[in-house]
Amino acid sequence: MSSDAPEQPSTNQTEEPNVTPWTVSGEVNYDKLVNDFGSALIEPELLERIAKVTNKGAHHFLKRKIFYSHRDVNQLLDAYEVGRPFYLYTGRGPSSDSMHLGHLVPFMFTKYLQEAFNVPLVIQITDDEKFLWKNLSLEEVRKMAIENIKDIIACGFNEDNTFIFSDLDYIGHLYPTILKIEKATTASQAIGIFGFRKEDNIGKYSFPAIQAAPSFYSSFPHIFAEYEKKDLERKQKEAGQQKSSKKKSKVQNNVADNESTKADIFCLIPCAIDQDPYFRMTRDVAPRLQFQKPALLHSKFFPALQGSRTKMSSSDPNSGVFLTDTPKQIKDKINKHAFSGGQTTKELQEELGANLEVDVSYLYLTFFMEDDEELERIRVAYSTGKMLTGEIKKILIEVLQKIVKQHQERRALVTDEMVKKFMTPRAMDHLVPKESKPTPVKPLEPATQTNKQ
Ligand code: TRP
């Protein structure tokens, strides 16, 4: 059993855990997911490397292993360090008007990455996905998409280098890339990865290609066309020089080996780990389409108030704190519904302390209390019984009320004009990295070539 999973027997213990992009149920064993999916744990070395390369401390989501798994981030950093650009890609399926705190997690992290690396960011709004999977009309998903986009903009993304698109609007631009992905993927492969059944609608079968497409820069000619030209010139030049030179870096090697006709534009996708199947498929087809495989950073799920077993659900108002909740609603929800790992009486709590692994208030603080020292003080006090459940809940209530209030204030300032701007396909020329990116911390050495992460 994973060290992240609660040790206590749970009432529902026999339920088989199931993690797909559409359902998460049962006791999620995060270490096992990494094994099953074939990704890699984020080791302390990678954490240090990210902090060094970006000249910014690692985000607390990384330090606290909330983002805990990855694919190929070392290769992405190798490329970044020699001046190759990358872009960030993330997304949201709009299934309710109001987002909850858990939905903020990937966007808060993406914002940190965007600032740390100063790269373009594309955000896909999969209104089509929700239409196909849920009992919602196109009008409903369109409306939810706009409401959700306002919440996303309120997270503070940089207007100059963020492009937000709804599939329903932007699909024509994606279509050439989607077609190539569809042609390279058989129905058996899709069934193998996603477990589709014969009675599923055929939209579902083709949707994975739609979520995969933004991982390839060809989906965004307005952002990358200029850079692509320059990069292809560079590659040709390098290929010429290569013949006369024995010393090759890994990146140069790749270029020479596959004689690619595509530019080297990398993509990094921060997402919750349940989205990984989409990107396993994407990474499978990438070499055949001559694109770089996207790199990934995976997060754990944000637990429901009722316990760490599942992610929060938009359809159950008591399962989590919503971004539209009032201070009083937040207070009542935490006091009434936040599952406690504390003991049943004050005396027992003082004697035994709380079980932090299942305590939702503590878990929520690991997501939203940035101050490491204060969190550590709470951890020690609560787990040794010097702090009672009522006290940790009071601290959490204040932290969440503040975050939600700030979010609501920022969201009130998001105008339709701004939405339009973020959603307009446009060039991001100035974002093309300068010739000299941050000086490599250490030169690319042959050792990095065998790095399996
Ligand atoms: N399928 C995701 C959801 O239901 C939305 C999504 C699209 C996404 N592209 C993504 C999430 C890329 C993370 C990364 O919310």
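Both counts, for ligands and for their atoms, begin at 1 and track the order of listing.
- Taking every non-hydrogen atom of I269 and a distance limit under 4.0 Å, the qualifying atoms of ligand 1 come out as 14 (C).
- E129 OE1, 3.2 Å is the protein heavy atom nearest to atom 4 (O) of ligand 1.
- Contacts of F279 with ligand 1, taken as heavy-atom pairs under 4.0 Å, involve the side chain alone.
- In terms of polar-atom proximity, defined here as any N/O pair under 3.5 Å, R92 makes no such contact with ligand 1.
- At a heavy-atom distance under 4.0 Å, only side-chain atoms of Q275, from C-beta outward, approach ligand 1.
- Each of the atoms 4 (O) of ligand 1 lies under 4.0 Å from some heavy atom of K130.
- At a 4.0 Å heavy-atom cut-off, ligand 1 touches T90 through backbone and side chain alike.
- Under the side-chain hydrogen bond (donor to acceptor under 3.5 Å, both in side chains) criterion, K331 pairs with no residue at all, not counting sequence neighbours.
- Atoms of ligand 1 found under 4.0 Å from any heavy atom of T126 (numbered from 1 in listed order, with element): 5 (C), 7 (C).
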Next on the checklist: Run the salt bridge (charged side-chain N to carboxylate O under 4.0 Å, His left out) test on D372 and R64 for me, step by step, so that the C-alpha distance in whole Å, both residues' side-chain angles and the decisive distance to 0.1 Å come before the verdict.
Outcome noted: CA-CA 10 Å; D372 289 332; R64 296 176 195 167; 2.7 Å; yes

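- Aromatic rings from F163 and F422 are positioned such that their centres are separated by 6.0 Å or more.
- The protein heavy atom nearest to atom 13 (C) of ligand 1 is C271 CB, 3.5 Å.
- Any N or O atom pair closer than 3.5 Å counts here, and Q124 shares at least one such pair with ligand 1.
- Looking only at protein heavy atoms, the nearest one to atom 11 (C) of ligand 1 is G91 O, 3.4 Å.
- Under the side-chain contact (heavy atoms from CB on, under 4.5 Å) rule, I125 has a single partner from D167, I149, L168, I146, which is I149.
- Within ligand 1, counting atoms from 1 as listed, the ones closer than 4.0 Å to a heavy atom of G93 are 3 (C), 4 (O), 5 (C), 15 (O).
- A distance of 15.5 Å separates NZ of K183 from CD1 of I178, quoted to the nearest 0.5 Å.
- Each of F67, F367, F302 was scored for a ring-ring contact (aromatic ring centres under 6.0 Å, His included) with F109, with one residue passing: F67.
- Screening residues 126-142 for salt bridge (Lys or Arg N to Asp or Glu O under 4.0 Å), with sequence neighbours left out, gives R142-D169.
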Item to check | Verdict with supporting geometry, F165 and F220, ring-ring contact (aromatic ring centres under 6.0 Å, His included) | outcome: CA-CA 11 Å; F165 60 98; F220 309 101; 5.5 Å; yes

